[in-house]
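To keep things clear, I will list the structure first and then write my remarks on it.
First the proteins, then the strands, lettered A, B, ... as listed; each starts at 1. These figures come from a predicted structure and were not determined experimentally.
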Amino acid sequence: GAVVSQHPSWVICKSGTSVKIECRSLDFQATTMFWYRQFPKQSLMLMATSNEGSKATYEQGVEKDKFLINHASLTLSTLTVTSAHPEDSSFYICSARSRVGDTQYFGPGTRLTVL
Amino acid sequence: QQQVKQSPQSLIVQKGGISIINCAYENTAFDYFPWYQQFPGKGPALLIAIRPDVSEKKEGRFTISFNKSAKQFSLHIMDSQPGDSATYFCAASLKGSARQLTFGSGTQLTVLP
């Protein structure tokens with residue numbers, strides 16, 4: 001089956017630092033990748049959609065200068081949380097959709113804690 | 001119009017029972033309806049998905065029932081097991097879009113042994 005990995009699985013950082021999260025599709029080419037944020041006991045909130053080689057499309061209310069997304073290849077997308085603050089602490093999940101089909105396959109998530 | 005409403009918020013079922021989770025949508029342009037299962041601290045995993053031209057789809061113990069006229073769809077888990085205890089999300093996506101998913105609010109299922 002389609003596998004999506006994320007790295008790191010958890011990260012703790014100090015306020016004001018930047019954190020990069022990687023999302024990789026391991027056995028398929030992902031033309032589109034998505035980044036979500038999830039708070040405890042809540043649903044997934046779409047942050048942005050990225051297509052390989054083009055700029056990400058951010059959802060309303062998501063600061064594009066704070067959450068930098070790069071989709072440099074068909075198997076890799078990165079999310080960088082710049083100048084992180086405690087309110088950015090959350091569970092960040094990526095998903096990927098292949099060239100063929102409508103299914104999104106999700107990564108295992110990254111737990112970010114900003115002190 | 002982009003919302004997907006999911007109920008119940010939580011569900012407790014005895015082992016061997018049937019778990020039923022319901023979702024309703026407004027936008028008739030949705031044409032793909034997946035269900036995801038999520039365990040604590042993990043990403044969602046696709047369980048089963050359906051398109052509006054089919055009224056029912058079954059995969060093992062999991063069945064989706066789809067009512068196009070009522071704009072509702074539901075997940076049935078037959079012979080529920082303690083290992084099924086997780087949060088379940090319904091979702092929907094639009095034809096011709098980047099296939100962004102609109103998620104329901106989730107149902108926390110607990111299956112008692």
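- With hydrophobic clusters built from ILVMFWY side chains whose heavy atoms lie under 4.5 angstrom apart, Met47(A) shares a cluster with Leu112(A).
- Using a 4.5 Å heavy-atom threshold, the side chains of Leu46(A) and Phe103(B) count as separate.
- Residues Trp35(B) and Val13(B) share a single hydrophobic cluster, defined by chaining ILVMFWY side chains whose heavy atoms lie under 4.5 Å apart.
- A heavy-atom distance below 4.5 Å is not found between the side chains of Phe34(A) and Leu101(B).
- A chain of hydrophobic side-chain contacts below 4.5 Å, direct or via other Ile, Leu, Val, Met, Phe, Trp or Tyr residues, connects Leu79(A) to Val11(A).
- Transitive grouping of hydrophobic side chains (ILVMFWY, heavy atoms separated by less than 4.5 Å) brings Ile50(B) and Phe30(B) into a common cluster.
- Remark: side-chain polar atoms of Gln104(A) are paired, donor with acceptor, to backbone N or O of Arg99(B) under 3.5 angstrom.
- Gln108(B) touches chain A through its side chain: at least one heavy atom from C-beta onward sits under 4.5 Å away, while N, CA, C and O do not.
- With chain B as the partner, the residue from Asn51(A), Ile93(A), Thr32(A), Asp102(A) showing the most heavy-atom pairs under 4.5 Å is Asp102(A).
- Ser95(A) does not touch chain B: none of its heavy atoms, backbone or side chain, sits under 4.5 Å away.
- Taking Leu44(A), Thr49(A), Thr57(A) one by one and counting their heavy-atom pairs under 4.5 Å with chain B, the maximum is reached by Leu44(A).
- Sparse packing is recorded around NZ of Lys41(A), with 12 or fewer heavy atoms of other residues, nucleotides or ligands lying under 6.0 Å away.
- Within 6.0 Å of the CD atom in Gln9(B), the count of heavy atoms belonging to other residues, nucleotides or ligands does not exceed 12.
- Transitive grouping of hydrophobic side chains (ILVMFWY, heavy atoms separated by less than 4.5 Å) brings Phe67(A) and Ile21(A) into a common cluster.
- The greatest number of non-hydrogen atom pairs below 4.5 Å with chain A, out of Pro44(B), Gly104(B), Ser105(B), Gly43(B), is found for Pro44(B).
- Side chains of Gln38(A) and Gln38(B): a donor-acceptor N/O pair is present below 3.5 angstrom, by distance only.
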